[in-house]
Amino acid sequence: VRVRYYCANCLERTDFPSAEDLAFSCPGCGAAYRARFTEAERLESRVDACAFCGRHAFFLQRDFDQRAGCAIMLGSIALAVAVGRLAGWIWFTPVLLATVVVDWILAVKIPWVTICYCCDAEYRDVVQNHRPYDPHIAERYAETKTVGRMADED
Ligand SMILES: [Zn+2]
Ligand SMILES: [Zn+2]
């Protein structure tokens, strides 16, 4: 299990190489936190309760950098334009489609990351016992997040 937690105050991230219970403080703002892993997480790499907020709602997402996705997109278009110029514009669309297919094949190989709906903590190298992102569940947790933030401001 590899875990990443984002500070609720300053969004600074903290990485954990393994599921060990520990107290830690945010490297950005010094806020104190505690990570508490369940037996399933420590022994079976199965995420059941969030180590940071204790909730049980998680979703799966491809472990993929959005910026890398953009760069690959632009690269595909640039390649299609280059081929179009050299070999004739009739090749533009086929080359673009071919790169899209290659991207899609590569995307299937990208591993999943399990993310907590409530505090956005990320769990990698774990059993995939959750479902992909569900906006209805996210909505519920968005409300509790906002309420939590408002309570903090008092
Ligand atoms: Zn912080
Ligand atoms: Zn959480």
Side-chain angles (χ1 to χ4, degrees), residues 1-81 96-154:
V1 183
R2 282 182 302 131
V3 186
R4 176 169 290 174
Y5 180 71
Y6 295 91
C7 174
N9 296 325
C10 68
L11 301 178
E12 186 71 49
R13 70 189 196 203
T14 308
D15 284 303
F16 302 87
S18 64
E20 300 278 343
D21 285 11
L22 75 148
F24 64 100
S25 53
C26 167
C29 68
Y33 293 101
R34 176 168 280 280
R36 239 187 272 270
F37 295 95
T38 63
E39 203 169 283
E41 285 156 359
R42 277 182 283 121
L43 304 179
E44 301 164 40
S45 297
R46 195 161 49 78
V47 179
D48 52 359
C50 181
F52 307 96
C53 69
R55 310 267 180 151
H56 302 272
F58 298 91
F59 63 92
L60 290 173
Q61 186 179 288
R62 293 282 185 191
D63 195 1
F64 187 67
D65 190 338
Q66 300 289 333
R67 283 165 304 175
C70 271
I72 290 167
M73 256 297 253
L74 290 175
S76 301
I77 293 167
L79 180 72
V81 168
L96 198 59
L97 287 178
T99 56
V100 166
V101 169
V102 170
D103 292 349
W104 185 74
I105 292 166
L106 290 176
V108 170
K109 297 194 172 181
I110 295 168
W112 293 94
V113 55
T114 300
I115 302 173
C116 172
Y117 273 110
C118 190
C119 71
D120 303 324
E122 297 170 355
Y123 299 82
R124 291 180 170 79
D125 299 339
V126 292
V127 178
Q128 289 163 26
N129 58 334
H130 299 282
R131 303 175 140 277
Y133 188 77
D134 181 340
H136 295 291
I137 301 174
E139 218 168 81
R140 276 211 310 265
Y141 283 94
E143 275 167 31
T144 51
K145 270 189 208 175
T146 316
V147 170
R149 271 187 205 132
M150 276 154 61
D152 285 346
E153 279 164 18
D154 292 340

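Start at 1 and go down the list; that is how both ligands and their atoms are numbered.
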*Quick one: the SG of Cys53, the Zn ion (ligand 2), SG of Cys119 angle, rounded to 10°, please.*
120°

*Using the Zn ion (ligand 2) as the apex, give the angle to atoms SG (Cys116) and SG (Cys50), rounded to 10 degrees.*
110°

*asked:* Which heavy atom of His56 sits nearest to which heavy atom of Ala49, and what is that distance?
replied: CE1-CB, 3.6 Å

*How close do Phe58 and Asp48 get, heavy atom to heavy atom, and via which atoms?*
CE1-O, 3.6 Å

*is_close_aromatic(Phe52, Phe16), centroid dist under 6.0 Å*: yes

*Answer yes or no: is there a side-chain heavy-atom contact under 4.5 Å between Thr14 and Phe24?*
yes

*the Zn ion (ligand 2) to nearest N/O/S of Cys118 less than 2.8 Å*: no

*Which value, rounded to 10°, describes the SG(Cys7)-the Zn ion (ligand 1)-SG(Cys26) angle?*
110°

